[in-house]
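These notes concern the structure reproduced below.
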Amino acid sequence: MSTCSLILLTYNEISGSRALFSSLPLDFFDEVLVVDGGSQDGTREFFQQQGIPVVGQERKGRGEAFRVGARNTRGDFLVFYSPDGNEDPADLPGLVRSLEQGADLAIASRFAPGARNEEDDQLLRPRAWVNLLFTLIANLLFNRGRFVTDTINGFRAIRRSAFERLRLDEMGFPIEYQMSIRAMKAGLKIVEIPTREGDRIGGASKAESFPVGIGHLKVLLRELLRPRTV
Ligand SMILES: Nc1nc2c(ncn2[C@@H]2O[C@H](COP(=O)(O)OP(=O)(O)OP(=O)(O)O)[C@@H](O)[C@H]2O)c(=O)[nH]1
Ligand SMILES: [Mg+2]
């Protein structure tokens, strides 16, 4: 039986953490850890009061947080969850099940049939369109398997063995895009489940669209220039 670690990624997410904590299916996991990027709004203290261990980061960035999470847990499966309101905790068991059924990487997709992304009720959807463009390019260039509809969402789970094999080195937000591309290049099995993206509950976004977009472009170019294998 595989063991499973839930890794919560936080950076000043007190409102979302408070609102979502009771909905997290903690019993489902062998281990829970918070990786905190330096919160000053009481997020760390909140989780510590709930008896959840919290580790900080020596180096900044959401990408680094993924590696800190992997280093400080032991499960065979790594499940990443960000408690800001975007990710529906009810989808956590589905991600684990996908790995149990043989996936190497399981992604909660905001663009699969039956899914929703936060801009769906808007006429103009700049964020979704840029996401879809990056996803289309990744599929065309690197994917030899089934089309992946959301290469960028951070709500995902991966086998520890796969995580280590991919040797991800991105420091910031494009970590998920790098993970998806390298998984495609390595021919890993990627499975998606549809998710309904919720709105941010409180606090401020840490992802500024323009620099994050440039970051994705850099990841894409770098992966294009690297040999196909990882
Ligand atoms: N540990 C850690 N977590 C981070 C860091 N940067 C962002 N996060 C968390 O990663 C999650 C996603 O960041 P967001 O700022 O919500 O990015 P986004 O979902 O693209 O933007 P929104 O539309 O505002 O939700 C949140 O839970 C953040 O608290 C970091 O440097 N370290
Ligand atoms: Mg968010």
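On a predicted model such as this, the values are computed, not experimentally measured, just so you know. Both ligands and their constituent atoms are indexed starting at 1 by order of listing.
- A distance limit of 4.0 angstrom between heavy atoms and ligand 1 selects the residues Leu9, Thr10, Tyr11, Glu13, Val35, Asp36, Gly37, Gln57, Gly61, Arg62, Ala65, Ser82, Asp84, Asn86, Glu118, Arg127, Phe173, Arg200, Ser205, Lys206, Ala207.
- Side chains of Cys4 and Val79 form a contact here, defined as non-hydrogen atoms less than 4.5 Å apart.
- Interatomic distance, Leu78 CG to Glu164 CD, rounded to the nearest 0.5 Å: 8.0 Å.
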For this session: Tell me, with the steps shown, if Arg110 and Asn131 meet side-chain hydrogen bond (donor to acceptor under 3.5 Å, both in side chains).
Result: CA-CA 10 Å; Arg110 301 159 297 170; Asn131 268 260; 2.8 Å; yes

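- Take the Mg ion (ligand 2) and draw a sphere of radius 2.8 Å; the protein N/O/S atoms inside it number 2.
- Through direct or indirect side-chain contacts shorter than 4.5 Å among Ile, Leu, Val, Met, Phe, Trp and Tyr, Leu140 is connected to Leu136, Phe147.
- Looking at heavy atoms from C-beta onward, Leu166 lies in side-chain contact with Met179 at the 4.5 angstrom threshold.
- Taking the ring centroids of Tyr81 and Phe155, they lie under the 6.0 Å cut-off.
- Residues Asn86 and Glu118 share a closest heavy-atom pair of ND2-OE1, 3.9 Å.
- Taking the side-chain contact (heavy atoms from CB on, under 4.5 Å) definition, one finds that Pro93 meets it with Pro25, Phe28, Arg97, sequence neighbours left out.
- Salt-bridge formation is detected for the pair Arg59/Glu64: a Lys NZ or Arg NE/NH1/NH2 atom is positioned less than 4.0 Å from an Asp or Glu carboxylate oxygen.
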